[in-house]
Amino acid sequence: MHRFEYWMPYVQAEFCDRQFVNLLGLVRIDNEGGGAKETDGCLSIQFLYSGSDNSVVQNIGTMPGTVVVAGGGISGLAACYHLVKSGSVPKVILVEGSSRLGGWLNSTRTDDGAVFEHGPRGIRPAGVVGKNTLSMVSELGLDSEVLPVKGDHSASKNRYLYIRNTLHKLPSGLWGVLKTVPPFTKPLVWCGLRDLTARRGTLPDESIHSFVTRRFGKELADIAIDSLCRGVFAGDCRALSLRACFPMLYNAEQKRRSVILGMALGGGGTPQQDSSLIRRAKEENWSQWSLQNGMQTLAEAMEEFLKQHGVEIHKDSPLTGLERTPDNGWKVLLPGGSLRAAHVISAVPARALSQVVPASLDPVAVELRQIDAVTVAVVNLQYEGDILPVSGFGHLVPSFEDGALLGIVYDSIAFPEQNRTGALSTRLTVMLGGAWFEKDVGDPNQVSHEQLLLRATKAVKNHLGVHGKPSRAIVKLHKDCIPQYTLGHWKRTDNMFQYLEQNAVPLSLIGASFEGVSVNDCIYNARKAVERLLGQKQVP
Ligand SMILES: Cc1cc2nc3c(=O)[nH]c(=O)nc-3n(C[C@H](O)[C@H](O)[C@H](O)COP(=O)(O)OP(=O)(O)OC[C@H]3O[C@@H](n4cnc5c(N)ncnc54)[C@H](O)[C@@H]3O)c2cc1C
Ligand SMILES: C=Cc1c2[nH]c(c1C)Cc1[nH]c(c(CCC(=O)O)c1C)Cc1[nH]c(c(C)c1CCC(=O)O)Cc1[nH]c(c(C)c1C=C)C2
């Protein structure tokens with residue numbers, strides 16, 4: 001019979017006796033009655049499977065006691081969700097600095113039925129990360145609230161660039177790439193041929209602009225890629241890292257020498273998740289989806305789920321410090337007191353974390369401080385009637401045209417179900433600033449909502465020919481809302497992850513600051529961090 005040794009420097013004996021059972025070589029942590037002492041007692045329990053001669057032959061994994069998740073945005077919520085779903089963590093505590101959960105997921109619902117998104121509005125269903133989110137949406141019982149944008153919808157097919165007083169539809173389909181489509185001066189197929197013949201890059205990292213120029217040509221980089229990076233990262237493709245922002249493109253080039261070949265041949269079939277919602281998304285070829293009452297519904301459903309599953313939620317409780325305890329756990333400092341934890345999952349922005357880690361984690365703090373984020377002004381507008389000259393998802397503005405004005409989303413086209421009831425209306429979201437905020441908009445601490453509203457309505461007038469006044473306007477200034485993965489980001493994250501692992505620091509780093517800014521990436525990376533912590537088989 002094998003023997004199990006427990007390393008439990010700080011665990012009450014009675015806790016061990018009652019809560020751990022030896023199941024013929026498996027150790028199971030029994031959740032029942034796991035209350036009372038864990039918040040002040042710190043449990044980090046390492047199971048060492050030893051041979052008959054008592055020598056340790058295998059470290060089966062670490063089973064944490066109390067896990068504190070810091071930050072109640074979508075990343076922190078997803079981490080809590082997977083922790084409680086695992087059933088193997090006795091206590092999960094979520095600490096959120098503000099008075100609400102959801103982070104950038106923030107929707108205004110008006111009395112007349114309109115929904116205005118101040119943060120994310122469309123989630124992509126495709127790929128492993130997209131399917132992972134759809135699975136969670138189904139598990140939360142939200143299927144009936146999903147608003148799909150199907151493949152044949154204009155919001156799926158039409159995206160525009162605004163250049164020199166004109167809206168240009170981005171080419172799509174075979175014919176679109178074979179002919180010359182303004183603002184480009186030659187058919188895009190030439191860019192593709194260039195990629196097929198270009199040499200493999202040799203640099204460990206490169207800006208997105210440099211990569212695209214090298215492989216596809218400068219025109220594509222200056223116009224399309226510049227705009228794309230503004231429409232995803234609100235960032236400058238000359239500063240953003242290809243390897244960190246678009247790892248698939250980086251890997252495609254490394255593996256197949258050509259991006260097009262790499263993308264076409266793929267990375268080999270990974271087993272993917274399946275559900276009726278996922279099948280529907282595939283059958284109907286959704287390009288994106290939202291929720292009837294806005295993306296905030298997702299955070300609300302998750303909060304409800306966590307409450308029902310016993311997660312202790314502390315709002316208005318910013319993490320102010322982290323101190324190591326002698327048992328390799330944490331004292332988590334909050335304004336009103338402290339909590340004990342065996343493990344902390346940080347889902348706060350990198351900068352915020354850098355301010356609370358102990359001096360012993362200086363090598364990590366140094367890297368955290370280098371992960372910057374940009375400020376975006378989000379102006380939601382509602383106009384009376386159906387007033388748009390074009391139909392589609394929206395348009396982007398390349399930085400050479402206007403640094404300040406990133407783009408305009410035509411919300412009422414993609415999601416007409418979120419228009420107010422009664423007479424026809426048009427909802428638009430104008431996004432301003434990003435990496436150009438200070439230079440082209442002004443000091444975020446000085447700029448007024450009136451100034452931002454004026455710039456937004458002027459853009460709507462100039463770009464879309466809408467002269468009337470909006471019947472509703474909401475202005476939000478989102479400070480430091482989108483992290484910027486600049487050159488060397490992959491090395492910074494690698495350094496941090498390796499340092500934490502090699503020094504057995506019971507701290508996981510998740511959130512938009514590290515490995516993807518999309519809602520899908522945030523949820524997926526939270527899940528992977530939980531699975532790593534619990535020694536579970538990882539999602540593909
Ligand atoms: C305007 C905008 C539009 C977007 N559009 C899309 C889109 O269409 N599709 C898409 O997929 N993605 C979109 N995104 C990106 C996506 O919404 C975000 O990257 C994602 O929501 C980030 O989630 P997070 O939980 O990692 O971080 P956050 O949402 O920033 O959450 C972090 C949480 O930590 C809390 N916090 C901070 N400091 C502390 C502390 N010391 N202690 C405790 N709590 C603390 C904060 O209050 C916050 O609640 C958009 C983002 C923005 C800003
Ligand atoms: C103009 C500014 C922004 C707009 N959306 C965002 C910003 C900064 C943020 C954002 N948009 C998307 C994502 C998620 C990316 C992902 O990997 O899923 C984020 C963080 C989705 C997105 N929006 C546009 C594109 C090309 C993408 C990428 C995925 C996809 O193809 O759907 C285009 C776009 N975004 C904005 C506008 C006005 C716009 C116009 C066409 C707003």
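In listed order, ligands and their atoms are each counted from 1.
Listed by atom number, the atoms of ligand 1 under 4.0 Å from H118 heavy atoms are 1 (C). Below 4.0 Å from some heavy atom of C481 lie the following atoms of ligand 1, by number and element: 53 (C). Set against the non-hydrogen atoms of A347, the atoms of ligand 1 under 4.0 Å away are 32 (C). Listed by atom number, the atoms of ligand 1 under 4.0 Å from A512 heavy atoms are 19 (O), 22 (C), 26 (O). Within ligand 1, the atoms closer than 4.0 Å to a non-hydrogen atom of S518 are 11 (O), 12 (N), numbered from 1 in the order shown. Close approach of ligand 1 to P318 (heavy-atom distance below 4.0 Å) involves ligand atoms 42 (N), 43 (C). Near I74, meaning under 4.0 Å from any of its heavy atoms, are these atoms of ligand 1: 21 (O), 23 (O), 25 (O).
Checked against the 6.0 Å centroid threshold, Y410 and F393 do not count as a close aromatic pair.
Residue contacts with ligand 1 leave out R124, since none of its heavy atoms falls under 4.0 Å from the ligand. In this structure, L105 is part of the shell of residues with a heavy atom less than 4.0 angstrom from ligand 1. Residue contacts with ligand 1 include G119, since one of its heavy atoms falls under 4.0 Å from the ligand.
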Step by step, would you call R121 with D411 a salt bridge (charged side-chain N to carboxylate O under 4.0 Å, His left out)? CA-CA 8 Å; R121 63 216 50 243; D411 300 290; 2.8 Å; yes
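Annotation: ligand 2 has protein neighbours R124, R159, L228, R230, G231, V232, A234, F393, G394, H395, L396, L406, G407, I408, V409, M431, I482, V517, S518, each with a heavy atom less than 4.0 angstrom from the ligand.
At least one N/O-N/O distance between G97 and ligand 1 falls below 3.5 Å. Residue S317 places no N or O, backbone or side chain, under 3.5 Å from any N or O of ligand 1.
Using cut-offs of 30° and 60° for the angle between ring planes, the H463 and H395 rings count as tilted.
Of the charged side-chain nitrogens involved, at least one lies within less than 4.0 Å of a carboxylate oxygen, so that R215 and D195 count as a salt-bridged pair.
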